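Here's the structure, in structure tokens; my notes come after.
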Amino acid sequence: MNKPSKGTASKTIRCAVYTRKSTEEGLNQQFNSLDAQREAAEAYIASQCHEGWLCLPQRYDDGGFTGANMDRPALQCLLDEIQAGHIDCVIVYKVDRLSRSLLDFAKMMETFDQQRVAFVSVTQQFNTATSMGRLVLNVLLSFAQFEREIISERTRDKIAAMRRKGKWSGGVPLLGYDLDLRKTRLVVNPKEAVRVRAIFALYLELGGLLPVVRELKRRRWRTKRWRTRQGEVRGGRLFTKTNLHRLLTRVAYIGKVHHKNELYDGEQPAIVAAEIWQQVQAQLKDKRRSGCGLARNKFGALLQGLLRCAPCGCAMTPAHAIRGRKCYRYYLCCGARRHGRQSCPSKAIPAEPIERLVLEQIESLGLDPGLENSEGRAPAQAQQLRLVQLRIERVDYDGTQGKVSITFRPDSLPALPTKYPTRPPASA
């Protein structure tokens, strides 16, 4: 056997294949889009085996993730491996599989350059190792971002046009209606419609959200239960103040469709009389104005009914301990209270830091107009209660990582995502 001459041995180029698909549709199939992307990349790597290219066995697949941001688990794992020096080249099927954001892509390319990692697109035939490749790459990415923005604009325009015509434009199904998939319109569910009318009547009779929630729990009535196209069962939860308020303010129940600040006649039949609906809105408005109907408690727990334990999914209830003349407030996981503190990793959290964190996040988004006086003092408890109840849908606390995630009510953030991760609360 002839030995290779000195200097002819090529260096092994460790190649990682990254794949991405925006939707989850088809991912459960035996051979899906991610597999097709990887197969094309592996074939390209095999064609470069004479240069020492080697395909790494680990898969970096992001199924059901948008390319508009970098919040993707496989991408973050890929970047960590690059930082650790375990990868020499990243292979993708097309540039927009890695990113559709020019800013995010520029950041990644900076990381690639620092770690001397090449980037190759299989179908677009270029390599960032050359200046021409980098120029072509930036041009292509600019067009990819432009295409994404155009698609977003078309989607918004289509939804607006559908709502102006009174058509159902998608979203979570409503209690009292079923979706006719053939005509994509809402049709009345007679059994559920009776319950919806009863809920409106209960609110007018009992005069508050909490009494109605307790009565619905006693009757074992739950929110709308439906099945997704993938066969997953959603909904069917117990009523809370938040989802009850959302139900009572739905204009769909009087046969209308809401778009921005306008109301249009909807295709769906009304199942609540307009006079009843207006009476409920007036009563809700009076409650907000007077501060009545909000959770009242002796020690001012702002997050009562909103705070949940992320690891076990249980609610976290306010509690307190008095030592000497000082009262120490905290929130305790209901699961830990029922089954012992060792059963839940979150256990308990001091009340003041997490309440202050939630108020700071509301303030940072400009959602607290007029709640501070001219001297800059903190707003009164009643104002804070009203602010939190109107703006926050739920707060999740993960005691295993010390993280808090705030979910704002959709009508509070018309132009922002409702899910808002925050920093860990400061210690008390």
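Nothing here was measured: the structure is a model prediction, and the numbers come from that model.
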Shortest non-hydrogen contact from Ser101 toward Ala68: CB-O, 3.8 Å

Test: Asp265 and Lys256 ion pair at under 4.0 Å: yes

Any side-chain heavy-atom pair of Cys344 and Cys314 under 4.5 Å: no

Contact summary for Lys241 and Leu210, nearest pair of heavy atoms: CD-CD2, 3.4 Å

Gap separating the CD1 atom of Ile362 from the CZ atom of Phe408, nearest 0.5 angstrom: 5.5 Å

Stepwise side-chain contact (heavy atoms from CB on, under 4.5 Å) check, Val90 with Tyr60: CA-CA 10 Å; Val90 174; Tyr60 302 93; over 6 Å; no

Leu34 versus Asp62, closest heavy-atom pair with distance: CD2-O, 4.2 Å

Residues Arg234 and Glu232 bridged, charged N to O under 4.0 Å: yes

Minimal non-hydrogen separation, Tyr93 against Ser121, with atom names: O-OG, 3.6 Å

Straight-line distance of Leu202 CG to Arg195 CZ, nearest 0.5 Å: 12.0 Å

Salt-bridge present (Arg14, Asp88; N to O < 4.0 Å): yes

Side chain Tyr177, main chain Pro269, donor-acceptor under 3.5 Å: yes

Closest non-hydrogen atom pair, Val257 against Gly266: CG2-CA, 3.7 Å

Residue pair Val17 / Arg59, side-chain heavy-atom distance below 4.5 Å: no

Nearest-0.5 Å distance that lies between atom OG1 in Thr317 and atom CZ in Arg308: 11.5 Å

Audit row: Arg72, Asp61, salt bridge (Lys or Arg N to Asp or Glu O under 4.0 Å) steps and yes/no: CA-CA 9 Å; Arg72 292 169 266 159; Asp61 302 332; over 6 Å; no

Partners meeting salt bridge (charged side-chain N to carboxylate O under 4.0 Å, His left out) with Arg250 (sequence neighbours left out): none

Parallel, tilted or perpendicular, as decided by the 30° and 60° cut-offs, for the rings of Phe119 and Phe105: perpendicular

Rounded distance (nearest 0.5 Å) linking atom CD1 of Ile87 with atom SG of Cys15: 9.5 Å

Ring-face cation contact, Tyr18 with Arg97, 6.0 Å cut, 45° max: no

Rounded distance (nearest 0.5 Å) linking atom CH2 of Trp53 with atom CD1 of Ile91: 4.5 Å

Ionic contact status for Glu352 with Arg329, cut-off 4.0 Å: no

Considering all heavy atoms, the nearest Gln384-Leu359 contact: NE2-CD1, 3.6 Å

Side chains of Tyr331 and Glu355, donor plus acceptor under 3.5 Å: yes

Pair Lys21 + Asp35: basic N to acidic O under 4.0 Å: no

Test side chain to side chain contact (heavy atoms under 4.5 Å, CB included) applied to Leu175 and Asn189, Ile271, Leu247, Thr223, the passing residue: Leu247

Any Leu75 side-chain heavy atom under 4.5 Å of Leu98 side chain: yes

Worked verdict on Leu209 versus Leu248 for side-chain contact (heavy atoms from CB on, under 4.5 Å): CA-CA 10 Å; Leu209 294 173; Leu248 293 172; 3.8 Å; yes

CZ on Arg100 to OG on Ser22, rounded to 0.5 Å: 6.0 Å

